[in-house]
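Here is the structure we will look at.
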Amino acid sequence: MTDISFGQPFSQISVQELAQCLATNEGTIQLIDVREPQEVAISRIDGFVNLPLSEYEQWSDQVAIRFNPTTETLVLCHHGVRSAQMCQWLVTQGFTNVKNITGGISAYSILVDPSVPQY
């Protein structure tokens, strides 16, 4: 795949790797979910902060205050597209350790934890 984005690239993490991170997380990673509130109401993973992309204007100026740009930051959405957009934006904001969760919460439900509802 060709990287057509500008700036620093970001990494990808599988849902299996996410599960491992969640099991061993002692507050050392930042978790961001960019899905809409109604999506989070249906299906969620504990520990994620919800920053809906549609509400960008309301939270964008707070990201540098609420999150540490050097701490590992994992970004989740439904399938991995919106989270990739967020990862790219975070990189432009100076975040240095950003990872997109490939397959999103849908893949997490299928491959890791079937108790997480599909939608």
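What you see is a predicted model; the values in this text were computed from it and never measured.
Within 6.0 Å of atom CD in Gln118, more than 12 heavy atoms from other residues, nucleotides or ligands are found, so the atom counts as buried in its surroundings.
Here OG of Ser83 is found 11.5 Å from CD1 of Ile13. Values are rounded to the nearest 0.5 Å. Note that SG of Cys21 is 6.5 Å distant from NZ of Lys99, once rounded to the nearest 0.5 Å. One finds the CD atom of Gln85 at 6.0 Å from the CG atom of Leu53 (value rounded to the nearest 0.5 Å).
Side chain of Thr71 to backbone of Ile29: no donor-acceptor contact under 3.5 angstrom is found. Side chain of Asn97 to backbone of Thr73: no donor-acceptor contact under 3.5 angstrom is found. No donor-acceptor distance shorter than 3.5 angstrom exists from the side chain of Asn100 to the backbone of Gln12, with no hydrogens or angles considered. Panel note: side chain Arg35, backbone Ser43; a donor-acceptor pair is recorded below 3.5 Å. Trp59 places a side-chain N or O within 3.5 Å of a backbone atom of Pro52 that can act as its donor or acceptor partner. With hydrogens and angles ignored, the 3.5 Å screen pairs a side-chain donor or acceptor of Glu39 with a backbone N or O of Glu36. A donor-acceptor pair under 3.5 Å is formed between the side chain of Gln30 and the backbone N or O of Asn68.
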(request) Evaluate the side chain to side chain contact (heavy atoms under 4.5 Å, CB included) criterion for residues Leu31 and Leu22: first the C-alpha distance (whole Å), next the side-chain angles of each, then the deciding distance (0.1 Å), finally the verdict. (result) CA-CA 10 Å; Leu31 305 168; Leu22 293 174; 3.6 Å; yes
Practice task
Any chance you could lay out the side chain to side chain contact (heavy atoms under 4.5 Å, CB included) test for Ile101 and Phe48, step after step, and finish with the verdict?
Solution key: CA-CA 12 Å; Ile101 301 165; Phe48 279 82; 3.9 Å; yes
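A heavy-atom distance below 4.5 Å is not found between the side chains of Asp113 and Ile45. By the 4.5 Å heavy-atom criterion applied to side chains, Pro37 and Glu55 are counted as neighbours. With contacts defined as side-chain heavy-atom distances shorter than 4.5 Å, the pair Val112/Leu18 does not qualify. Looking at heavy atoms from C-beta onward, Val49 lies in side-chain contact with Arg66 at the 4.5 angstrom threshold.
Residues Leu76 and Val116 are members of one and the same hydrophobic cluster, defined by side-chain heavy-atom contacts under 4.5 angstrom among Ile, Leu, Val, Met, Phe, Trp and Tyr. Linking Ile, Leu, Val, Met, Phe, Trp and Tyr whenever their side-chain heavy atoms come within less than 4.5 Å leaves Leu90 and Leu74 in two separate clusters. Put simply, Phe10 and Val63 are part of the same group of oily side chains (I, L, V, M, F, W, Y) that touch within less than 4.5 Å, one to the next. The same ILVMFWY cluster, assembled from side-chain heavy atoms under 4.5 Å apart, contains both Ile42 and Ile110. Hydrophobic clustering of Ile, Leu, Val, Met, Phe, Trp and Tyr side chains at less than 4.5 Å, counting indirect connections, unites Ile105 with Val15.
For Cys77 against Val34, the heavy-atom pair with the smallest separation is CB-CG2, 3.7 Å. Contact detail for Gln58 and Asp61: the closest heavy-atom pair is O-OD1, 4.2 Å. Closest non-hydrogen pair, Pro117 versus Ser109, comes out as C-OG, 4.3 Å.
Residues satisfying the side-chain contact (heavy atoms from CB on, under 4.5 Å) test with Ser60, not counting sequence neighbours, are Tyr56, Trp89.
Applying the ring-ring contact (aromatic ring centres under 6.0 Å, His included) test to pairs two or more places apart or on separate chains, those with a residue in residues 96-119 are His78-Tyr119.
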